[in-house]
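Below is one structure, written out as structure tokens; comments come after it.
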Amino acid sequence: MMRCHEVDYEIFGDDMQAVEVELDPGETVIAEAGAMNWMEQGIAFEAKMGDGSEADKGLMGKLFSAGKRALTGESLFLTHFTNQAHDKKRVAFSAPYPGKIIPVDMAAIGGHLICQKDAFLCAALGTKVSIAFNRKLGAGFFGGEGFILQRLEGDGMAFIHAGGTIVKKELNGQRLMVDTGCIVAFSQGVEYDIQRAGGLKSMFFGGEGLFLATLEGHGSVYLQSLPFSRLADRIISHAPSAGGSSKGEGSVLGGLGRLMDGD
């Protein structure tokens, strides 16, 4: 695997963050499609199949790697932003929903990170982005968001994003029980599994479901307080157009708007 480009960066904001990456001449950062916010003149961008970490891989190899991403609902393409000027230039990225951006020095954590499939934002060229399917059948049926995980490999900077507040925990042999949607990422040395938790009463009346993810081992774990799926479910359940019901919250203007619309 190629060595990653050494990019500098700055993170702006608090709850709706953006990361601005500084590129030396010839340096490249890769990002998910649609993540870019602004860029300075001199930076060229191109949608490419794959992450570019294995430049000599043939077309079929690139198709196979990209096809695995497509199966999970991700784009076949990543966008490559390259500084073609003769001095430093900057390009900025942000997540599509409120939350935090986590800068990860891949070399410092052993060059390997597992994260939620939609957590990856951008990374230095040379970072390998692939899909890590959980091996256990139970995770697929009962784990919700936890079934499909994404693997990042490299020795440069990578940036992932998460909803709400971020909590980093260091595991030294302990076991942590987590709602699958609240897992953002974990480093090499942490084992992931799905465990039964509670009975049928918990499933139907407790709102927590029958299964939780367990994280165990030695390494870093990043957790998020507000998974986007949880936020989306609540919005949809309260949207009259989607069959939900209005709970009476909101302003007088909002109520007038609903009356005029016939709701």
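Numbering starts at 1 and runs along the sequence shown. Side chains are part of it too, since the values below use all heavy atoms of this structure and drop only hydrogens, waters and symmetry mates.
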Say whether, by atom type as modelled, one donor and one acceptor occur between the side chain of Glu27 and the main chain of Pro25 under 3.5 angstrom. no

Just do the side chain to side chain contact (heavy atoms under 4.5 Å, CB included) check on Ser220 and Lys168 with the steps written out, would you? CA-CA 7 Å; Ser220 302; Lys168 182 182 180 183; 3.6 Å; yes

Do the non-hydrogen side-chain atoms of Leu223 and Val178 ever get within less than 4.5 Å of each other? yes

Please assess Asn83 against Val91 for the test side chain to side chain contact (heavy atoms under 4.5 Å, CB included), listing each intermediate value before the final yes or no. CA-CA 9 Å; Asn83 182 4; Val91 55; over 6 Å; no

Is the shortest heavy-atom distance from the side chain of Gln224 to the side chain of Ile166 under 4.5 Å? yes

What verdict does the side chain to side chain contact (heavy atoms under 4.5 Å, CB included) test give for Cys4 and Met106, after you've listed the backbone C-alpha separation in whole Å, the side-chain angles of each residue and the deciding distance to 0.1 Å? CA-CA 10 Å; Cys4 294; Met106 296 294 290; over 6 Å; no

CA sep, side-chain torsions, deciding dist, call: Met157, Val21, side chain to side chain contact (heavy atoms under 4.5 Å, CB included): CA-CA 10 Å; Met157 291 302 302; Val21 178; over 6 Å; no

Please check: side-chain N/O of Gln174 versus main-chain N/O of His218, any donor-acceptor pairing under 3.5 Å? no

Nearest 0.5 Å, please: how far is CD1 in Ile30 from NE2 in His80? 6.0 Å

Hey, is Arg90 close enough to Glu40 for a salt bridge, meaning N to O under 4.0 Å? no

Do Val221 and Leu149 share a hydrophobic cluster, counting only Ile, Leu, Val, Met, Phe, Trp and Tyr and linking them when any side-chain heavy atoms are less than 4.5 Å apart? yes

Please determine whether a side-chain nitrogen of the Lys or Arg among Asp24 and Lys89 lies less than 4.0 Å from a carboxylate oxygen of the Asp or Glu. no

Using only atom types and a distance under 3.5 Å, with no angle test, would you say the side chain of Gln150 pairs donor to acceptor with the backbone of Val129? no

Val19 versus Leu121: any side-chain heavy-atom pair under 4.5 Å? yes

Check His5 against Thr28 and note the closest heavy-atom contact, atom names and distance. ND1-N, 2.9 Å

Does any non-hydrogen side-chain atom of Ser130 lie less than 4.5 Å from one of Glu153? yes

Indicate, with yes or no, if Leu78 and Met36 share a hydrophobic cluster defined by side-chain heavy-atom contacts under 4.5 Å among Ile, Leu, Val, Met, Phe, Trp and Tyr. no

Can a donor-acceptor pair be found, under 3.5 Å and without considering hydrogens, that links the side chain of Ser225 to the backbone of Gly164? no

Straight-line distance of Tyr222 OH to Lys100 NZ, nearest 0.5 Å: 14.5 Å

In this structure, would Leu125 and Phe81 fall into the same cluster of hydrophobic residues linked by side-chain contacts under 4.5 Å? no

Please tell me if the side chains of Cys115 and Val184 come closer than 4.5 Å, counting only heavy atoms from C-beta onward. no

Leu23 side chain reached by Lys88 side chain, heavy atoms, under 4.5 Å: no

Looking only at atom types and distance, does a side-chain atom of Gln116 sit under 3.5 Å from a main-chain N or O of Thr180, one as donor and one as acceptor? yes

Say you draw a straight line from CD1 of Ile11 to CD of Glu20; how long is it, rounded to the nearest 0.5 Å? 11.5 Å

His161/Tyr97 aromatic ring centres below 6.0 Å: yes

Ring centres under 6.0 angstrom apart (Phe159, Tyr9): yes

Same cluster or not: are Ile101 and Ile109 linked, directly or through other Ile, Leu, Val, Met, Phe, Trp or Tyr residues, by side-chain heavy atoms under 4.5 angstrom apart? no

Take atom CD of Glu6 as the centre, draw a 6.0 Å sphere, and report whether it contains more than 12 heavy atoms from other residues, nucleotides or ligands. no

Is it true that the side chains of Thr214 and Asp193 contain a donor and an acceptor less than 3.5 Å apart? no

When you compare the side chain of Leu171 with that of Glu216, does any pair of heavy atoms fall below 4.5 Å? no

Let me check something: do Phe77 and Phe45 share a hydrophobic cluster, defined by ILVMFWY side-chain heavy atoms less than 4.5 Å apart, either directly or through other members? no

Judged by atom type as modelled, is there a donor-acceptor pair below 3.5 Å linking the side chain of Gln84 to the main-chain atoms of Ile43? no

Identify the heavy atoms of Ala213 and Ile183 that sit nearest to each other, and give their distance. CB-CD1, 3.6 Å

So do the side chains of Leu152 and Phe120 get within less than 4.5 Å of each other, counting heavy atoms only? yes

